[in-house]
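Every value quoted in this text rests on a predicted model; they were computed, and no experiment measured them. When reading the values below, keep in mind they use all heavy atoms of this one structure, side chains included, and skip hydrogens, waters and symmetry mates. All ligand and atom numbering here is 1-based and tracks the order in the structure.
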Amino acid sequence: MKVGILALQGGVVEHANLLQQAGAQPVAVRLPAHLDGLDALILPGGESTTIGKLAVRFGLLEPLRRFAAARPVWGTCAGMILLARNTGTAPPLLAAMDITVQRNAFGRQADSFVMAITVPALEDGLRRPFPAVFIRAPQIVAANGTAQIIARLADGTAVAARQGRLLATAFHPELTGDDRFHRYFLEISAKMKENGQPPRINRTSAGENR
Ligand code: GLN
């Protein structure tokens with residue numbers, strides 16, 4: 001499986017390492033041609049305004065939009081903001097996923113923190129919590145259409161969502177060494193490659209959309 005990582009700014013190397021650990025081949029994406037032949041794409045964390053501006057400058061905006069309209073894409077943190085259809089304030093970038101996000105939603109007191117969260121969709125997810133690293137993280141304020149929340153904090157805050165082949169996490173699974181989110185995304189991507197359909201969202205009990 002060849003998985004691109006948008007490599008304009010942010011946590012690229014960490015994603016590449018975990019993709020390799022999970023058995024995939026990472027490819028750095030800096031130019032439109034780098035998207036050719038990819039099975040899936042990761043939009044990493046970083047600074048969403050900066051990544052957005054660079055994407056425009058490198059002529060990547062339309063190619064990324066086309067890619068996200070057809071192939072598996074996973075946005076982590078800033079990447080989730082880039083993927084969202086509604087970002088509250090800034091104009092949306094890829095506008096691919098039916099989620100509404102709020103930037104820097106945890107405020108200054110909680111600049112960064114780690115929290116063990118239950119993610120039923122992951123392998124062993126009900127028994128083995130996932131160590132979620134939040135760094136000036138956004139929140140998902142609404143999942144619309146067919147998008148579903150797949151992980152919440154104990155207080156109900158939505159921090160991960162899936163819509164078919166699209167995945168969004170407010171936190172940074174690439175910083176943990178736990179590759180279950182990467183394997184989950186590869187599972188979705190493999191199914192898309194095999195039969196053009198993402199797998200159903202199963203093993204989930206993260207609650208209703210709100
Ligand atoms: N706060 C950043 C933004 O709005 C995201 C932070 C991150 O990706 N760790 O772009």
Side-chain angles (χ1 to χ4, degrees), residues 3-19 26 28-30 40-58 60-61 64-65 67-68 72-117 119 130-143 147 149-153 155 157-163 166-182 184-185:
V3 181
I5 308 166
L6 186 63
L8 301 174
Q9 191 255 346
V12 177
V13 176
E14 295 83 356
H15 270 300
N17 290 341
L18 272 205
L19 280 174
V29 172
R30 292 193 182 84
L41 177 70
I42 292 177
L43 308 173
E47 213 285 317
S48 54
T49 309
T50 306
I51 298 175
K53 280 184 183 158
L54 290 171
V56 170
R57 188 173 309 166
F58 284 71
L60 272 162
L61 189 56
L64 286 173
R65 283 185 177 158
F67 193 96
V73 182
W74 173 20
T76 57
C77 203
M80 173 172 98
I81 299 169
L82 300 178
L83 200 53
R85 205 175 284 286
N86 192 336
T87 59
T89 48
L93 202 80
L94 300 190
M97 189 171 182
D98 291 320
I99 52 174
T100 303
V101 300
Q102 189 190 342
R103 262 182 99 171
N104 302 325
F106 291 94
R108 297 188 70 189
Q109 280 111 337
D111 235 12
S112 62
F113 58 96
V114 186
M115 197 162 280
I117 58 171
V119 189
F130 191 87
V133 179
F134 294 84
I135 305 169
R136 290 182 293 288
Q139 290 176 6
I140 303 166
V141 277
I149 302 301
I150 61 164
R152 294 181 185 278
L153 301 184
D155 69 0
T157 302
V159 290
R162 191 176 144 207
Q163 184 173 24
L166 303 175
L167 181 64
T169 54
F171 47 91
H172 292 267
E174 77 283 9
L175 297 179
T176 60
D178 188 330
D179 64 5
R180 283 180 293 163
F181 255 103
H182 288 75
Y184 180 57
F185 182 57

- request: Could you go through the side chain to side chain donor-acceptor pair (under 3.5 Å) check for Arg162 and Thr169 one step at a time?
  value: CA-CA 9 Å; Arg162 191 176 144 207; Thr169 54; over 6 Å; no
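His15 pairs by the ring pair (Phe, Tyr, Trp, His ring centres under 6.0 Å) definition with Trp74, His182, not counting sequence neighbours.
Protein residues with a heavy atom closer than 4.0 Å to ligand 1 are Gly45, Gly46, Glu47, Ser48, Cys77, Ala78, Ile81, Arg103, Asn104, Ile135, Arg136, His172, listed by chain and number.
Listed for the Gln139 side chain is no donor-acceptor partner under 3.5 Å among the backbone atoms of Thr157. A donor-acceptor contact shorter than 3.5 Å links the side chain of Gln163 to the backbone of Asp98.
Taking the ring centroids of Phe171 and Phe181, they lie under the 6.0 Å cut-off.
With respect to Leu6, the side-chain contact (heavy atoms from CB on, under 4.5 Å) criterion is satisfied by exactly one of Ile42, Val12, Leu60: Leu60.
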